[in-house]
Amino acid sequence: MKNRKTIYAIIALLFACILYIYDNYDVEEKNISFSSNFNYLPTSTTGQIIHHNYYSLSYNEKFEQAEWVAYELTLEHLSNQNFKRSYFEKDSKVKTQSANYKNYKNSGYNKGHLCPAGDRKFSKEAFNETFLTSNITPQLYEFNAGIWNRLEQKVRYWVQKYDKLYVITGGVLSKNLKTIGSEKVAVPTQFYKIILDYHQPKIKAIAFLIPHKASEKGLYNFVVTIDEIENLTGIDFFPELPDEIESKLEKSSNYTNWNFRNF
DNA sequence: CTGGACGTC
DNA sequence: GACGTCCAG
């Protein structure tokens with residue numbers, strides 16, 4: 001009888017070991033296959049990267065705005081909740097002080113979100129967090145409510161289709177830009193948006209570079225390579241991707257994998 | 001959705 | 001300055 005109990009105990013132990021190994025093996029597999037904690041952040045040309053709860057940014061003090069704002073957008077983030085629009089406050093995390101919203105008053109330019117409020121509607125906290133002056137840039141009303149809005153809606157459409165995207169947005173901060181307000185907030189002449197769909201094995205990306213003016217043209221007219229935006233901004237996008245994949249993605253302006261429909 | 005203007009306390 | 005209401009693309 002003692003032998004039989006010992007055998008049962010050993011079998012139970014072996015079974016537990018197999019389960020344990022199998023379980024861990026599964027976890028490791030998932031991390032490799034989906035890499036849920038992929039670091040999608042670009043490099044910073046200013047050294048001032050700021051992490052908020054629901055998006056990150058790289059602030060450029062000279063131009064009084066972010067050179068990029070980056071965030072993850074998933075299907076779960078989309079929401080029909082309505083929150084009251086908040087007032088823009090300074091970003092307390094920007095050590096050099098982000099611009100005061102008053103610079104925009106009567107400037108002829110709107111306070112255009114870089115991380116759209118409409119992409120952070122899953123909670124009041126997330127929504128309100130987009131109302132920081134480190135997250136805005138001077139935009140013409142006709143541009144902001146027009147083609148730029150169309151692009152932002154397109155991203156939300158793509159999330160419904162592709163489930164999860166990484167979005168990086170900014171104005172091209174080049175020399176001799178017009179400025180507004182006492183703090184001289186620069187007015188970019190072009191804005192870019194880069195979208196990465198990190199679903200292996202078919203990782204795909206698309207980049208837009210749009211002149212800062214009203215346009216009725218289809219969005220596909222503004223597709224460029226990521227390399228082109230890197231050359232204009234000096235920013236390295238997706239440095240964490242394996243070099244081979246990064247190189248291939250960034251020199252392509254092929255958008256056939258992205259459904260445009262009527263846009 | 002993207003925004004601003006204006007009146008009131 | 002904050003809030004409510006109204007407006008346009």
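Bear in mind the structure is a predicted one, so any value in this text is a computation, not a measurement. Residue numbers start from 1 in every chain, and the chains themselves are labelled A, B, ... in the order their sequence lines are given, proteins ahead of strands.
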I need the [atom1]-[atom2] distance between [X] and [N], as an integer number of Å.
X	N	atom1	atom2	value
A/Tyr157	B/dC1	OH	C1'	17 Å
A/His113	B/dG3	NE2	P	6 Å
A/Asn106	B/dA5	CG	P	6 Å
A/Ile180	B/dG4	CD1	C1'	14 Å

What do you reckon, are the aromatic ring centroids of [X] and [Y] less than 6.0 Å apart?
X	Y	result
A/Tyr54	A/His77	no
A/Tyr255	A/Phe260	yes
A/Phe222	A/Phe208	no
A/Trp68	A/Tyr55	no

Reckon A/Asn144 has a side-chain N or O less than 4.0 Å from the OP1 or OP2 of B/dG3?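 So the side-chain polar atoms of A/Asn144 do come within 4.0 Å of the phosphate oxygens OP1 or OP2 of B/dG3, strictly under.
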Assert: residue with more 5' nearest nucleotide on DNA chain B, out of A/Lys105 and A/Ser79, is A/Ser79
When A/Phe88 and A/Arg156 are each assigned the nearest nucleotide of DNA chain B, the 5'-most assignment goes to A/Arg156
Of A/Lys102 and A/Lys84, the one whose closest nucleotide on DNA chain C sits nearer the 5' end is A/Lys102
Taking the nucleotide of DNA chain C with the closest heavy atom to each, which residue, A/Tyr141 or A/Tyr87, is nearer the 5' end?
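So the residue in question is A/Tyr87.
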Bounded by its outermost nucleotides with an atom under 4.0 Å from a heavy atom of chain A, the footprint on DNA chain C reads C/dG1 to C/dG9
Counting the atoms with a prime plus P, OP1 and OP2 as sugar-phosphate, which does A/Gly118 contact under 4.0 Å by heavy atoms, base, sugar-phosphate, or nothing?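 Answer is sugar-phosphate: A/Gly118 comes under 4.0 Å of backbone atoms only.
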request  = Remember a base hit wins even if backbone is also touched, and classify A/Glu152 as base, sugar-phosphate or nothing at under 4.0 Å, heavy atoms.
outcome  =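 Contact class for A/Glu152: sugar-phosphate only.
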Taking side chain as C-beta onward, heavy atoms only, is A/Trp148 less than 4.5 Å from A/Lys193? yes
Rounded to the nearest 0.5 Å, the NZ atom of A/Lys154 sits from the CD1 atom of A/Ile206 at a distance of 9.5 Å
